[in-house]
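Below is one structure, written out as structure tokens; comments come after it.
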There are 2 protein chains.
Amino acid sequence: MTPTETLPAAPAEDAAPPEAKRPRGRPRKTEDERDDGNRRHELLKAAAQLFRRQGFAATTTRDIANSAGMQSGSPFYHFKSKDALLFAVMEAGMHSALANQQRVLGDAAYAALSPADKLRRLVHAHFEVLLGPGNDFVPVMLYEWRSLQRPQRKVLHKLIAAYEALWMPVLQALQDSGQLKAPVGVARLLILGALNWSVQWFDPAKGATVEALGGHAVAMFIQEV
Amino acid sequence: MTPTETLPAAPAEDAAPPEAKRPRGRPRKTEDERDDGNRRHELLKAAAQLFRRQGFAATTTRDIANSAGMQSGSPFYHFKSKDALLFAVMEAGMHSALANQQRVLGDAAYAALSPADKLRRLVHAHFEVLLGPGNDFVPVMLYEWRSLQRPQRKVLHKLIAAYEALWMPVLQALQDSGQLKAPVGVARLLILGALNWSVQWFDPAKGATVEALGGHAVAMFIQEV
DNA sequence: CCTACCGATCGGTAGG
DNA sequence: CCTACCGATCGGTAGG
């Protein structure tokens, strides 16, 4: 299964890291430089959770700071703006989605699978990243797209296009064998839409599992042979 | 085709109309009392469009007033709060969706259709209300659900449940005949999810039509006989 | 429905 | 990363 598109290089973060510009304040803790990365990641996690639950515009930078155990001005030490935080959350989400997808495609057994089974794997990987516990990053990307600035939208769009492109060979194979009854482009949109919407209603507390759901979805989408 | 649930009565608006409380200001125009309703509806339309494009939290009441040709304080003459405006938009959206659905179910020819054709009609009606030109009300409901207050959410949930319940007999019939390969409950969620997601990508300017899309969707969801 | 306004909040910054 | 703060904006209201 050859990807129809290669993955674009990871886009540059917030241009230059702000640390270089502000050498004032408390001296850096000598124990570990990675301390910064940890705090930054805590901010990202807190932001993702709040953006998902309340929406981007309804979440204040104070909410985020508070949730990460910081003071109100501190998030701006790590991110130059609230917009930059949103972008960082979405970018992290897409990178995790792409990594997860690569893991599936790179599996030794994958190439020998039937098209239907390949689809099953892709669907399962998609659900994992979408519905897995604590996975708020991708849902934020799906729901807060319009809150993104135009240039950042373009950057993310490349990642999304790469992710979606990897579904096409599988869908094409299914159509060639008569198992898919819609044009592949439309099928991709409808299938991913059905999966993405599950964020709105999927509730593991009700006994639903990602595995069963994926099985039902694939069974419905493709014709039996 | 008997509905499994009857439609709940339309819930009360904003309790009492505010006109009764504020007899001050410019004397009412003598020409027509319905003038009020028109202005109110212009506000609703403006709000729906802006909420959809920018999101609820990112839209100011000043934006809405301005878009309806009013001054900043004037929306509060018609709606007691920004929240009430959001609720009114969503409620109007659901009422139009239900009315459109009733029109389909009430058609004399409907009862004699095959389950697959019934599904086609339901899908088409759904797309109309979702993707039709100027139909911003239902998309707002789909995207701004979390911005709603809890009690208002409950009210709308009844309308949504009624709308969705009417799909069930059709899905059940399809499953009975072996044309639907997922449990009806899951199928309903996946199918409506696929349809709802189209709000994100459907673009009539690119030559896409609601009719063609609906045909492809149904062809993909159900097994050929 | 307009005018004039208030209190609260919010993103962001200077300086350490 | 904290303290202390600013300027702008926002939902909402009194009164006509």
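The analysis underlying the following values was restricted to heavy atoms, covering all of them including side chains, and did not include hydrogens, waters or symmetry mates. Protein chains get the first letters and strands the later ones, always in sequence-line order, with residue 1 at the start of each. All values reported here derive from a predicted model rather than from experimental measurement.
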Between atom CZ in Arg39(A) and atom C1' in dC1(D), what is the gap in whole Å? 9 Å

Measure from the side-chain heavy atoms of Gln71(B) and tell me the nearest of dG11(D), dC1(D), dC2(C). dC2(C)

Does a side chain donor of either Asp83(A) or Gln152(A) reach within less than 3.5 Å of an acceptor in the other side chain? no

What I want to check is whether the side chains of Asn196(B) and His126(B) have a donor and an acceptor closer together than 3.5 Å. yes

Cation over ring face, Lys82(A) and Phe56(A), 6.0 Å, 45°: yes

From the list dG12(D), dC1(D), dT13(C), which nucleotide is the closest neighbour of the side chain of Phe76(A)? dT13(C)

Take the protein atom CG of Asn38(A) and the nucleotide atom P of dC1(D), then report the distance between them rounded to whole Å. 10 Å

Starting from the 5' end of DNA chain D, give me the residue, Ser72(B) or Leu43(A), whose nearest nucleotide shows up first. Leu43(A)

May I ask you to say what Ser74(A) touches in the nucleic acid, namely base, sugar-phosphate or nothing, with a heavy-atom cut-off under 4.0 Å? base

Residue Met70(A), side-chain heavy atoms: nucleotide from dG11(D), dA4(C), dC2(D) that is nearest: dC2(D)

In whole angstrom, give the distance that lies between atom CG of Leu50(B) and atom P of dG11(D). 12 Å

Whole angstrom value for the distance that separates C1' of dC1(D) from CD1 of Ile64(A): 16 Å

Starting at atom CG of Asp63(A), determine the distance to atom C1' of dG12(C), rounded to an integer number of angstrom. 16 Å

Please determine, for the side chain of Lys82(A), which listed nucleotide (dA4(C), dC10(D), dG12(C)) has the closest atom? dG12(C)

Using whole Å, what does the distance between atom P of nucleotide dT9(C) and atom CG of Asn66(A) come to? 14 Å

Could you tell me if Arg153(B) and Gln149(B) have a donor-acceptor pair between their side chains, going purely by distance under 3.5 Å? no

Rounding to an integer number of Å, can you tell me how far Arg62(B) CZ sits from dG11(D) C1'? 7 Å

Contacts of Thr60(A) and Gly73(A) projected onto DNA chain C by closest heavy atom; the upstream (5') one is Thr60(A)

Spacing between His78(A) atom NE2 and dG11(C) atom C1', to the nearest angstrom: 17 Å

Base paired to dG15(C) (Watson-Crick or G-U; both N/O distances under 3.5 angstrom): dC2(D)

Taking dC1(C), dC10(C), dG12(C) as options, the one with an atom nearest any side-chain atom of Tyr77(B) is dC1(C)

With the threshold set at 4.0 Å, does a side-chain nitrogen-carboxylate oxygen contact exist between Glu42(A) and Arg39(A)? yes

